[in-house]
Amino acid sequence: MTADRLTVVVAAYNEADALPRLHPRIVAVLDAMPGIDGRVIYVDDGSSDGTWPVMQRLAAQDPRVALLRLSRNFGKEAALTAGLDHIDAGAALILDADGQDPPELIPQFVEKWREGYDDVHGTRIEREGESWLKKATAHGFYRVIGRLSKTPIPQDTGDFRLLSPRALSALRQLRERQRFMKGLFGWVGFNQTAIAYQRDARIAGQTKFNFWRLWNFALEGITSFSTAPLRIATYLGVGTALLAFVYALWVVFKALRWGDPVAGWPTMMAVILLLGGVQLMALGLIGEYLGRLYAEAKQRPLYLVDAWRPGAGLSSEPSLEPGDVHAHRPATARSESA
Ligand code: UDP
Ligand code: MG
């Protein structure tokens with residue numbers, strides 16, 4: 001029986017402290033799974049700390065580890081896409097570098113995959129080490145996008161997921177620049193199932209997503225997966241026009257009936273300001289979509305690769321590092337770094 005290939009993809013941006021703690025956990029889990037040919041791809045998303053040397057050290061100790069470095073920080077979505085693009089066979093499993101998605105759950109994901117599911121995603125039942133504000137806004141976001149978008153996007157689901165080979169190849173066909181991954185996964189479809197898990201606190205380092213970034217991320221998600229806001233603008237316009245019409249009738253009627261001593265400055269100002277505001281809002285909304293259209297029209301690549309170091313088992317190419325003496329240790333050897 002040939003083993004099923006499973007590649008763990010980890011996007012990391014300034015995770016020099018977290019990676020050495022995460023790696024042994026991944027390796028231990030992969031080693032303990034029978035019938036699984038486990039691999040790891042670490043993607044350095046243009047880190048400015050010691051992340052790349054740390055990755056090189058991990059790769060030197062373990063031939064199953066492949067490394068990819070992007071030319072600069074492209075963001076998590078692009079980094080994940082880059083990692084997924086470099087898998088040559090089998091299924092993919094996406095994991096955060098900070099240990100918030102426990103690798104110990106991987107066997108459960110694999111079990112579901114063996115049952116025939118194509119997209120097994122982790123659903124957070126609890127988020128430790130995150131503020132109530134973040135939890136509340138996250139919850140609100142899933143509600144809004146669930147209402148607005150026709151693409152099913154499961155609630156409280158991050159990027160922690162396993163993709164079967166066919167789901168992976170389907171996902172790779174989606175080359176849009178505005179990459180809202182949760183939505184892209186949902187768009188792909190196939191047999192999906194969720195695994196509930198407790199989201200731990202970060203093992204080291206700090207979150208890269210502050211509120212401003214999360215807000216932009218939410219806008220990205222909504223505009224990439226729904227044109228409902230444009231329609232809302234239309235309805236607002238129609239509603240305002242109807243009200244204006246009724247009001248105009250009333251004004252004319254009033255003038256005919258009781259004459260027109262010029263007054264009504266407050267009403268006039270209120271109407272002008274309201275309409276001005278609504279118009280600007282609608283313009284801004286159109287601008288959001290136009291801007292995204294512009295980015296797509298440029299057809300730039302999603303990311304640029306600075307270095308690609310395939311794992312020993314990942315392809316027949318020789319290791320890029322001449323001094324890599326550990327590259328030929330047996331695949332079952334555990335990494336000693338703890
Ligand atoms: N990440 C990345 N590029 C970025 C920002 C984040 O690759 O520009 C990675 C980061 O290293 C981590 C994952 O994305 O592995 C999730 O980031 P983080 O933990 O900061 O997000 P949070 O869990 O707080 O939402
Ligand atoms: Mg995190």
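In each ligand, atom 1 is the first atom listed, and ligand 1 is the first ligand listed. Nothing fancy with the numbering, it's 1 onward along the sequence.
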Below 4.0 Å, non-hydrogen atoms only: which portion of [X] touches ligand 1? Side chain, backbone, both or neither.
X     : value
Lys76 : both
Asn14 : neither
Asp96 : both
Glu77 : neither

Number the atoms of ligand 1 from 1 as they appear, then name those within less than 4.0 Å of a heavy atom of [X], with their elements.
X      : value
Ala12  : 7 (O), 11 (O)
Arg202 : 18 (P), 19 (O), 20 (O)
Gln100 : 19 (O), 22 (P), 23 (O)
Asp45  : 2 (C), 3 (N), 4 (C), 7 (O), 8 (O)
Glu15  : 10 (C), 11 (O), 12 (C), 15 (O)
Asn73  : 3 (N), 4 (C), 8 (O)

- Task: Considering only NZ, NE, NH1 and NH2 on the basic side and carboxylate oxygens on the acidic side, decide whether Arg292 and Glu296 come within less than 4.0 Å.
- Result: no
- Query: Is the closest basic N to carboxylate O distance between Arg202 and Asp96 below 4.0 Å?
  - Reply: no
- Message: Starting from Leu302, can I reach Tyr13 by hopping between I/L/V/M/F/W/Y residues whose side chains sit under 4.5 Å apart?
- Response: no
- What residues form a salt bridge (Lys or Arg N to Asp or Glu O under 4.0 Å) with Asp101, not counting sequence neighbours? Arg199
- Non-hydrogen atoms of Arg199 versus ligand 1: any pair closer than 4.0 Å? yes
- So which of the N, O or S atoms of Asp98 lies nearest the Mg ion (ligand 2)? OD2
Side-chain polar contacts of residues 160-172 - donor-acceptor pairs under 3.5 angstrom, sequence neighbours left out - could you list them?
unit_1	atom_1	unit_2	atom_2	d
Arg161	NH1	Asp119	OD1	3.1
Arg161	NH1	Asp119	OD2	2.9
Arg161	NH2	Gly158	O	3.3
Ser164	OG	Asp118	OD1	2.6
Ser164	OG	Ala167	N	3.4
Arg166	NE	Asp118	OD1	2.9
Arg166	NE	Asp118	OD2	3.4
Arg166	NH2	Asp118	OD2	2.9
Ser169	OG	Arg166	O	3.3
Arg172	NE	Leu84	O	3.0
Arg172	NH2	Leu84	O	2.9
Arg172	NH2	Ile87	O	2.5

- Message: For Phe141 and Phe217, take the angle between the two ring planes, folded into 0 to 90°, and tell me which bin it lands in: parallel under 30, tilted 30 to 60, perpendicular over 60.
- Response: tilted
- Message: Take a 6.0 Å sphere around NZ of Lys298 and say whether it holds more than 12 heavy atoms from other residues, nucleotides or ligands.
- Response: yes
- Quick one: does Ser226's side chain have a donor or acceptor within less than 3.5 Å of a partner on Leu148's backbone? yes
- Query: Taking 2.8 Å as the cut-off, does an N/O/S atom of Asp96 lie below it from the Mg ion (ligand 2)?
  - Reply: no
- Any N/O pair Ala79/ligand 1 closer than 3.5 Å: no
- Message: Looking at Phe185, I'd like to know if the NZ or CZ of Lys182 sits under 6.0 Å from its six-membered ring centre while staying within 45 degrees of the ring's axis.
- Response: no
